Amino acid sequence: MQADLVIVANRLPVDRVELADGTRTWRRSPGGLVTALEPVLRANDGVWIGWPGGTEQDLAPLEDDGMRLLPMSMTPEEIEGHYEGFSNATIWPLYHDLVAKPAFHREWWDSYRDVNRRFAEKAAEVAAEGGTVWIQDYQLQLVPEMLRELRPDLRIGFYLHIPFPPAELFQQLPWRRQILEGLLGADLVGFQLPGAAQNFIRLVRQRVGHKTHRDLVYLPDGRTVKAAAFPISIDAAGFEELARSESVNARAKEIREALGNPRKIFLGVDRLDYTKGIYARLRAFSELMRDDHIDVDDAVFVQVAVPSRERVEQYRVLRDEIDRLVGRINGDLGRIGRPAVSYLHSSYPREEMAALYRAADVMVVTPYRDGMNLVCKEYVACRYENDGALVLSEFAGAADELRQAWLVNPYDLNGMKSALLEAYQADHREQTRRMKAMRKTVATNDIDAWASSFLTEMANVPAEHGKQVRPLTEA
Ligand code: G6P
């Protein structure tokens, strides 16, 4: 199997799941990335290399709707060392401004390196002569360099979906130099925001000693590496279409009724992650109720927390903390049939999410640090009547684009309370003014624009680094 375009990501766009009767099957995991890359993969006869979850070994390649998928297996030790350990208990907290304390363990690093090597070897095996390989995210930062060693004929791109920290934090990492050199194997390194690209360039200059100028790194072997921002987005038209459908609107009405037809619904939707600021947000809301700014008969806060990385210690602790807080808030403030917070620890299909967005009057997205945050963009895409209010953390990448949201510092509880109250009380005109501007931004900068801008930039990589890939399918 040879492919002109190879996507390498820690996860495949399908999960391996076990049914009630014990048989195993594939389930499409919903996500923006696959929506964007599917047409490009098809147009270029591409393949996607990734892990489908679980520990099953030797899974055969499969085809999903014309997309070729190559499953990588992981052993229980690799899941512990590479995935739960180095990726999610070292890099994840370190790159998110130390919201939690990162743990540094040499065995985790070894496992991370080994898994990265296997992914690089697989990419080297399937990429056609002169092809393009696009590596995704923090779990695979060593793949670019490893792959270049094996296949110098390829064009190699890397995209980091999470923040890239300032030098002052990054330099804590015992393997800082290896990570920087790993990334420098790429021709193009993409980040969510310009500040992250600048952090990277500065670190390369200081720690690796290469010459840099603006967004370029000059390597001793004559190759140049470009670091630039490509803010990711969503399938805005797809979400709007869903939001306009009769079934979604009927479901939105049902949700409202099930909640007792409150005057206003606040909504939070996050993976259950300590970077997301769920605890502080619920506290801010509950204080507004306690102090009689909001009446429990008038409003409810619906918090959807999607289970995530449940075997990692800090995620377990967080789950217990949120469970306790929700229990306390409802115990103190709720009345029969009227909880202050309706808490759902579960994941839902896109249709149900669209219905929740249609039902929500105030969307609350308050991470301490977030690479982009797509939930706020999904909310905006679903508000086709130009109403609804978005409260958004300054520290989400999306705040750079969604300037018309009620922007908050999630560490400032009083500031957050004022913003929640303002958004709650905003009149229709004010909501419309803000939402219209945000909807224009999200409709223009959608996921197709993101993928094609990265691939167009890749096509500019000098010819000796491989042949060109067609950035987009002809519509
Ligand atoms: C974030 C990361 C992705 C990751 C996703 C889900 O969005 O940027 O790389 O796949 O979270 O996390 P999981 O650990 O379940 O893959």
Side-chain angles (χ1 to χ4, degrees), residues 7-17 27-37 48-55 69 71-72 74 78-97 99-100 108 111-112 115-116 119 134-143 158-165 183 189-193 196 230-234 269-278 304-316 318-319 345-348 353 365 367-378 396-398 447 450:
I7 303 296
V8 190
N10 193 54
R11 282 196 187 268
L12 274 185
V14 293
D15 289 327
R16 192 75 174 147
V17 291
R27 190 181 53 204
R28 187 72 173 262
S29 43
L33 196 59
V34 57
T35 320
L37 297 179
W48 184 315
I49 298 173
W51 172 56
T55 54
L69 309 178
M72 298 292 290
M74 277 199 225
E78 285 171 341
I79 293 179
E80 208 183 312
H82 160 81
Y83 171 69
E84 291 162 355
F86 198 80
S87 296
N88 288 312
T90 306
I91 295 287
W92 180 268
L94 180 69
Y95 282 25
H96 285 89
D97 275 5
V99 173
W108 290 358
S111 178
Y112 182 79
V115 170
N116 272 247
F119 275 70
W134 189 5
I135 300 144
Q136 311 287 327
D137 228 354
Y138 62 102
Q139 304 92 341
L140 300 174
Q141 294 171 100
L142 304 178
V143 173
F158 179 91
Y159 186 77
L160 186 71
H161 292 251
I162 69 173
F164 191 79
L183 293 170
V189 185
F191 297 90
Q192 299 282 13
L193 302 181
F230 300 86
I232 202 167
S233 192
I234 57 158
V269 175
D270 313 80
R271 268 187 317 99
L272 186 49
D273 194 297
Y274 50 79
T275 58
K276 302 290 184 183
I278 300 170
V304 176
V306 178
S308 184
R309 307 174 192 164
E310 290 183 287
R311 290 171 9 147
V312 179
E313 173 68 14
Q314 274 151 335
Y315 289 77
R316 287 194 199 163
L318 176 73
R319 181 169 183 197
H345 181 246
S346 185
S347 78
Y348 297 96
M353 295 317 304
V365 181
Y368 292 120
R369 179 58 74 192
D370 211 329
M372 175 54 62
N373 193 290
L374 297 178
V375 163
C376 53
K377 292 189 172 179
E378 290 172 3
I447 185 78
W450 171 79

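In each ligand, atom 1 is the first atom listed, and ligand 1 is the first ligand listed. In this text, all values refer to a predicted model and were calculated from it rather than measured experimentally.
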- Message: If we count only N and O atoms by modelled type, under 3.5 Å, do the side chains of Tyr83 and Arg11 hold a donor and an acceptor together?
- Response: yes
- Near ligand 1, at a heavy-atom separation below 4.0 Å: residues by chain and residue number: Arg11, Tyr83, Asp137, Tyr138, Gln139, His161, Ile162, Arg271, Arg309
- Where does the angle between the aromatic ring planes of Tyr138 and Trp92 fall among parallel (under 30°), tilted (30 to 60°) and perpendicular (over 60°)? tilted
- Parallel under 30°, tilted from 30 to 60°, perpendicular over 60°: which one fits the rings of His82 and Tyr112?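 The rings of His82 and Tyr112 lie parallel, inter-plane angle below 30°.
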- Message: Is there a side-chain contact (heavy atoms from CB on, under 4.5 Å) between Ile79 and Glu84? Walk through the geometry before answering.
- Response: CA-CA 6 Å; Ile79 293 179; Glu84 291 162 355; 3.6 Å; yes
- Message: The criterion is side chain to side chain donor-acceptor pair (under 3.5 Å); which residues satisfy it with Glu80, sequence neighbours excluded?
- Response: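 For Glu80, no residue satisfies side chain to side chain donor-acceptor pair (under 3.5 Å) once neighbours in sequence are set aside.
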- CG of Leu12 to CD1 of Ile7: how many Å apart, nearest 0.5 Å?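 Result: 12.0 Å between the selected atoms.
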